[in-house]
Asker: 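One structure coming up, written as structure tokens, with questions to follow.
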There are 2 protein chains.
Amino acid sequence: MENARELFQVMTRRLGLLNKCCCSVDGYDISLTQSHLLYEIERRRNPSMQQVAEALGTDLTTFSRQVQSLVRMGLIHKTAAPDDRRVSLLSLTSPGEAVARGIDRQMNDMLDEAFSFLTPFEQETLLRSVQIFNEALGKSSRCCQPAQEGASPNNTCN
Amino acid sequence: MENARELFQVMTRRLGLLNKCCCSVDGYDISLTQSHLLYEIERRRNPSMQQVAEALGTDLTTFSRQVQSLVRMGLIHKTAAPDDRRVSLLSLTSPGEAVARGIDRQMNDMLDEAFSFLTPFEQETLLRSVQIFNEALGKSSRCCQPAQEGASPNNTCN
DNA sequence: GATATTTATTGCAAAATGCAAGTTATTTAA
DNA sequence: TTAAATAACTTGCATTTTGCAATAAATATC
């Protein structure tokens, strides 16, 4: 089990590079960060700023500016929550949805190409395994408690 | 197969967050980027700057400065190649190796905790699947040729 | 031996980041 | 019910990161 880290490091790096290439849709050039942001807003149901920022592991002030930029581009919409006007609910505009879908499609196309080197059974197994692994990662909450003797005090972990 | 992107997006995000928490060893605070850099130097055999920069998908000028910073920290070493003195070969110093190993260990510990929610068979299957997938991603070279009708011309993809 | 190419480094200007402080809205409590 | 405390964001500012253009140094090509 010692090469687990190696396997995941290589995989995430490759997927990251791949993701960098899926950022241009309908004349909109989207940064990797912005693409994650769109993805997360698409997936959730009118999330608040904090919810998305935390999901992405981004500082709220940085996130606030990223949102501003996407609002200026006309890709997302910010609405005050009716029940608590402090919170801003995020949603995709129509162009935003189109861009999100376009990125989705490009990513899936690229994944499909990689999948073409796998047998249907291998594809099936991979996806199922990743699904199970995601659930395990969700249960495992050890992130940000390094509990590491050598840990420096100014390791804020965020 | 439509949820492939979703599965990988969630996984890479979670692994990324996890990775952010594994960056403090022996009093050295290491950024995520620096950790990838150390990892890649550790894995290769006296790689050149260009090799590592390309592997990481980083601009060479940015990479040059990242290297400078790690050299100043005393974690890596830069040597002119004997056969071609233009190229700089990178290697880990002793403290650098210790830090790289420390990060490896922390990551593996965290992965182990996630694995504890899986059966041994599921672990086995997951690792095997990822290994096969990595090979497939290596063969698939479609990255950076979006071939996308809506693609903007200034999408340099790197 | 002169020119072109390759590898890496700086200059600079733009973009991203995060802490501290501020604003507006809601909750708590006196 | 109103004054203080808390919560959700936003902005000021200083630092860091990034990448293109230009440069320096070494090698290759002709």
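All chains are named by letter (A, B, ...) in the order of the sequence lines, taking the proteins before the strands, and each is independently numbered beginning at 1.
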Asker: Remember a base hit wins even if backbone is also touched, and classify Ser48(A) as base, sugar-phosphate or nothing at under 4.0 Å, heavy atoms.
Answerer: sugar-phosphate
Asker: Which one, dT9(C), dA25(C), dG18(C), comes nearest to the side chain of Leu60(B)?
Answerer: dT9(C)
Asker: Starting the side chain at C-beta, find the nucleotide from dT9(C), dG11(C), dA8(C) nearest to Gln68(B).
Answerer: dT9(C)
Asker: How sharply is the helix from dG1(C)-dC30(D) to dA30(C)-dT1(D) bent, taking the axes over five pairs at either end and rounding to 10 degrees?
Answerer: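 Taking the rotation axis at each end, their angle is 10°.
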Asker: Treating Ile, Leu, Val, Met, Phe, Trp and Tyr as nodes and any side-chain heavy-atom pair under 4.5 angstrom as an edge, say whether Val25(A) and Met107(A) lie in one connected cluster.
Answerer: yes
Asker: In whole angstrom, give the distance that lies between atom CG of Leu70(A) and atom P of dT10(D).
Answerer: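 After rounding, the gap between these two atoms is 13 Å.
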Asker: Between Phe63(B) and Asp83(A), which has a closest nucleotide on DNA chain C that is more 5'?
Answerer: Phe63(B)
Asker: Does OP1 or OP2 of dT7(C) have a side-chain N or O of Lys78(B) closer than 4.0 Å?
Answerer: no
Asker: Can you tell me which residue pairs pass the salt bridge (Lys or Arg N to Asp or Glu O under 4.0 Å) test with a partner in residues 76-92 of chain B, sequence neighbours excluded?
Answerer: Asp84(B)-Arg86(B)
Asker: What is the separation between atom CG on Leu56(B) and atom P on dG19(D), rounded to the nearest whole Å?
Answerer: 12 Å
Asker: If you only use heavy atoms from C-beta on, which nucleotide in dT6(D), dT18(D), dA26(D) is closest to the side chain of Arg65(B)?
Answerer: dT18(D)
Asker: Do NZ/NE/NH1/NH2 and the carboxylate oxygens of Glu6(A) and Arg43(B) come within less than 4.0 Å?
Answerer: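 Salt bridge present between Glu6(A) and Arg43(B).
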Asker: Below 4.0 angstrom from OP1 or OP2 of dA16(C), is there any side-chain N or O of Thr62(A)?
Answerer: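 Negative; the distance criterion is not met.
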Asker: Does Gln66(A) make a side-chain N or O approach to OP1 or OP2 of dA15(C) shorter than 4.0 Å?
Answerer: no
Asker: Just call it for Ser88(A): base, sugar-phosphate, or nothing, with non-hydrogen atoms closer than 4.0 Å on any strand.
Answerer: sugar-phosphate
Asker: With a 4.0 Å cutoff (strictly under), does any side-chain N or O of Thr61(B) reach OP1 or OP2 of dT9(C)?
Answerer: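 Answer no for this pair, as no side-chain N or O of Thr61(B) is under 4.0 Å from OP1 or OP2.
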Asker: Identify which nucleotide among dT9(C), dT18(D), dA25(C) has an atom closest to any side-chain atom of Arg85(A), counting heavy atoms from C-beta outward.
Answerer: dA25(C)
Asker: Do Arg86(B) and dT6(C) have a side chain to base donor-acceptor pair shorter than 3.5 Å?
Answerer: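 Per atom types, the contact qualifies.
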Asker: Asp59(A) has a side chain; which of dC19(C), dT9(C), dC9(D) sits nearest to it?
Answerer: dC19(C)
Asker: Within this structure, what is the CG-to-C1' distance between Asp84(B) and dT7(C), rounded to whole angstrom?
Answerer: 8 Å
Asker: In terms of side-chain heavy atoms of Ser64(A), which of dT6(C), dT10(D), dT18(D) is nearest?
Answerer: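 Of all the options, the side chain of Ser64(A) is nearest to dT10(D).
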Asker: Taking atom P of dT16(D) as reference, at what distance in whole Å does atom CD of Gln34(B) sit?
Answerer: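 Rounded to whole Å, this separation is 12 Å.
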